[in-house]
Amino acid sequence: YGNKGNTIYTMRQFYEEPDKFRCEVLNDAGETENVFVSDGGKTKIQSIKFGSRTIADVQEQMDYMSVNEFFTHYFMDGDAAAETAADSSEDILLKLGDSSGRYRFSQNLWIDEKSLMPKRLVTFDRDGGESLSVVFHSFVINHKDFNADFSVE
């Protein structure tokens with residue numbers, strides 16, 4: 001959600017412990033258009049339109065759309081809470097406490113109670129409005145054929 005309107009992106013995210021993250025932004029045809037890769041120290045940005053460059057790590061800028069980052073903060077946050085989601089008795093709602101950020105003030109993660117898979121991650125601004133919403137259409141843990149490129153050079 002932005003000040004000039006809302007934009008919907010389709011993405012694939014990959015994570016490898018302890019700190020490797022890859023996010024692919026797909027076009028309408030399902031082809032990879034932009035790639036963001038972080039190895040915990042550097043971040044590579046690749047774009048069909050703008051080429052490729054490596055920059056100092058932007059991990060703090062990407063934590064708003066990553067389940068692993070949510071859980072890192074959730075287990076360290078003394079104000080974090082869990083409850084049955086009011087909008088669905090089949091979901092568990094995890095709430096991450098308030099931060100000092102204007103547009104990334106708090107987060108909620110909805111988890112399917114039976115499968116324990118994430119369904120939706122929402123970041124709220126200081127006024128309680130949604131600033132980002134991530135809907136997970138599939139979520140695979142420890143996939144055996146996992147083969148993502150995490151190189152940043």
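When a residue number appears, it is its place in the shown sequence, counting from 1. What you see below is based on every heavy atom in this structure, not just the backbone, and it leaves out hydrogens, waters and symmetry mates.
A continuous path of Ile, Leu, Val, Met, Phe, Trp and Tyr side chains, each step under 4.5 Å between heavy atoms, connects F21 with M11, placing both in one hydrophobic cluster. I92 is connected to F75 through a chain of hydrophobic side-chain contacts under 4.5 Å among Ile, Leu, Val, Met, Phe, Trp and Tyr, so both are in one cluster.
With rounding to the nearest 0.5 Å, the separation of CZ in F105 from CZ in F124 is 12.0 Å. Expressed to the nearest 0.5 Å, how far CZ of R53 lies from CD1 of I45 amounts to 5.0 Å. How far CZ of F150 is from CG of D39: 10.5 Å, rounded to the nearest 0.5 Å. Between I111 atom CD1 and D91 atom CG the span is 9.0 Å, to the nearest 0.5 Å. Within the model, atoms SG of C23 and CD of Q13 stand 5.0 Å from one another, a figure rounded to the nearest 0.5 Å. K119 NZ to L93 CG: the interatomic distance, rounded to the nearest 0.5 Å, is 11.5 Å.
No donor-acceptor pair under 3.5 Å is formed between the side chain of Y74 and the backbone N or O of L109. Distance alone, capped at 3.5 Å, places no donor-acceptor pair between the K20 side chain and the S38 backbone.
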### Task
Show your reasoning for whether side chain to side chain contact (heavy atoms under 4.5 Å, CB included) applies to L94 and F71.
CA-CA 9 Å; L94 302 179; F71 278 114; 3.5 Å; yes
### Message
Between K95 and E83, is the salt bridge (Lys or Arg N to Asp or Glu O under 4.0 Å) condition met? List the steps.
### Response
CA-CA 8 Å; K95 295 182 175 184; E83 59 190 54; 3.5 Å; yes
Show which side-chain atoms of residues 131-140 pair as donor or acceptor with protein atoms under 3.5 Å away, not counting sequence neighbours.
from, atom 1, to, atom 2, distance (Å)
S131, OG, Y103, O, 2.6
S131, OG, T123, O, 3.2
S133, OG, R120, NE, 3.1
S133, OG, R120, NH2, 3.4

Could you list the donor-acceptor pairs under 3.5 angstrom formed between side-chain atoms of residues 28-35 and any protein atom two or more places apart in sequence or on another chain?
from, atom 1, to, atom 2, distance (Å)
E31, OE1, N27, ND2, 3.1
T32, OG1, R12, NH2, 3.2
N34, OD1, S47, OG, 2.9

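At least one side-chain heavy atom of R22 sits less than 4.5 Å from a side-chain heavy atom of E24. With contacts defined as side-chain heavy-atom distances shorter than 4.5 Å, the pair F70/L121 qualifies.
Applying the side-chain hydrogen bond (donor to acceptor under 3.5 Å, both in side chains) rule to D125 yields no partners; only residues at least two apart in sequence or on another chain are considered.
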